[in-house]
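Report on one structure; see the data block that follows.
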Amino acid sequence: MKKIAIFGGSFDPVHLAHIRLAETAAEEFALDEVVFVPAYIAPHKTYPPVSAAHRLQMLRFALKDKNKFSLSLFEIEQLKPIYTYQTLNYFQGLYKNSKVYLLAGADSFNDFPNWKNIDDILNNYSVIIARRPNAQVNKSLSYYGKVFFTSNQMPDISSTTIRNTVKISPENLSILTGKAVADYILENKLYQ
């Protein structure tokens with residue numbers, strides 16, 4: 001049975017911690033594939049993201065030559081906010097003979113009480129949480145014993161940090177995103 005992890009998010013922009021998170025989970029949990037699923041607009045976000053076209057192009061650059069990684073337009077093609085449980089149900093229907101996992105960061109785990117149908121997600125899917133240096137996992141949440149954690153912490157990079165770096169020290173951007181994504185951000189004057 002194939003093991004496929006769904007990694008959703010705004011990816012506004014995608015960065016090296018996203019890639020490292022997917023690589024670590026794929027290695028530690030013997031995943032056959034990690035599917036990156038960028039949101040059209042995430043249900044919990046209030047700010048307008050960079051256009052879907054820009055975010056998709058940055059993801060294409062970041063995922064190039066990554067054999068176990070793929071990109072899905074499922075949420076973007078809906079042209080509206082889609083909840084994680086809907087995305088997981090879609091992929092479980094698509095991959096009927098596979099085990100579908102949810103891949104998320106520790107900051108997302110701490111927000112699980114606010115997720116729509118989180119109990120259904122935890123009852124029907126395996127959830128892998130990546131540890132982040134500045135995101136302490138709330139061990140008092142009832143969900144704590146129902147998820148798997150990566151053994152290694154991810155690099156301390158966030159999309160917010162990158163958006164700020166573009167404004168104050170764009171010459172350091174590639175350290176956070178990789179050269180192709182950094183070049184694309186600067187050439188298209190994103191986040192300025």
Side-chain angles (χ1 to χ4, degrees), residues 4-29 31-82 84 87 91 101-108 111 128-135 150 152-192:
I4 299 172
I6 306 305
F7 187 13
S10 297
F11 301 109
D12 190 22
V14 63
H15 51 69
L16 294 179
H18 290 132
I19 302 305
R20 186 69 194 123
L21 186 160
E23 289 171 340
T24 297
E27 182 179 309
E28 287 188 22
F29 295 91
L31 301 174
D32 295 292
E33 183 177 357
V34 177
V35 182
F36 285 69
V37 186
Y40 178 68
I41 295 176
H44 60 283
K45 299 280 176 138
T46 55
Y47 65 89
V50 165
S51 75
H54 282 310
R55 291 183 291 121
L56 282 172
Q57 188 56 50
M58 288 185 281
L59 275 162
R60 287 184 185 106
F61 284 131
L63 301 180
K64 186 179 180 193
D65 302 324
K66 302 287 184 190
N67 295 332
K68 286 191 171 189
F69 298 171
S70 62
L71 178 60
S72 170
L73 306 183
F74 168 70
E75 288 192 16
I76 286 178
E77 288 175 342
Q78 306 312 304
L79 301 178
K80 63 181 181 181
I82 300 294
T84 299
T87 300
F91 281 101
Y101 292 73
L102 171 64
L103 182 56
D107 50 339
S108 294
D111 195 43
I128 301 169
I129 301 296
R131 297 181 187 277
R132 290 180 63 179
N134 291 322
T150 59
N152 296 320
Q153 287 192 5
M154 298 304 104
D156 189 15
I157 303 172
S158 71
S159 295
T160 302
T161 300
I162 291 166
R163 291 191 294 268
N164 292 334
T165 300
V166 170
K167 296 172 189 164
I168 58 173
S169 58
E171 66 280 1
N172 295 323
L173 193 57
S174 63
I175 297 167
L176 305 172
T177 63
K179 184 173 181 349
V181 173
D183 289 348
Y184 185 85
I185 289 170
L186 297 175
E187 287 167 12
N188 289 280
K189 298 179 173 40
L190 304 180
Y191 310 113
Q192 295 180 12

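Start at 1 with the first residue, then count along the sequence. On a predicted model such as this, the values are computed, not experimentally measured, just so you know.
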Please report the interatomic distance OH(Tyr101) to CD1(Ile6), rounded to the nearest 0.5 Å. 12.0 Å
Does Phe61 reach the side chain of Val14, with side-chain heavy atoms less than 4.5 Å apart? no
Could you tell me whether the side chain of Leu71 reaches within less than 4.5 Å of the side chain of Leu56, counting heavy atoms only? yes
Between Met58 and Leu190, is a side-chain contact (heavy atoms from CB on, under 4.5 Å) present by the stated rule, with each step listed? CA-CA 11 Å; Met58 288 185 281; Leu190 304 180; 4.0 Å; yes
Nearest 0.5 Å, please: how far is OG in Ser72 from CG in Leu59? 11.0 Å
Any side-chain heavy atom of Glu28 sitting closer than 4.5 Å to one from Asn152? yes
Could you state the interatomic distance from CZ (Arg20) to CD (Glu27), rounded to the nearest 0.5 Å? 6.5 Å
Between Ser159 and Pro13, is there a side-chain heavy-atom distance shorter than 4.5 Å? yes
According to the interplanar angle, ranging from 0 to 90°, do the rings of Phe91 and Phe74 count as parallel (below 30°), tilted (30 to 60°) or perpendicular (above 60°)? perpendicular
Heavy-atom side-chain proximity of Ile162 to Leu173 below 4.5 angstrom: yes
Examine distances only and state if a side-chain atom of Arg55 and a backbone atom of Asp12 form a donor-acceptor pair shorter than 3.5 Å. no
For a 4.5 angstrom cut-off between non-hydrogen side-chain atoms, does Phe36 reach Leu103? no
If the test is side chain to side chain donor-acceptor pair (under 3.5 Å), which one of Arg60, Lys179, His54 qualifies with Tyr184? His54
Is the ring pair Phe7/His18 parallel, tilted or perpendicular, if the boundaries are 30 and 60 degrees? perpendicular
Under 4.5 Å between any side-chain heavy atoms of Val34 and Lys68, yes or no? no
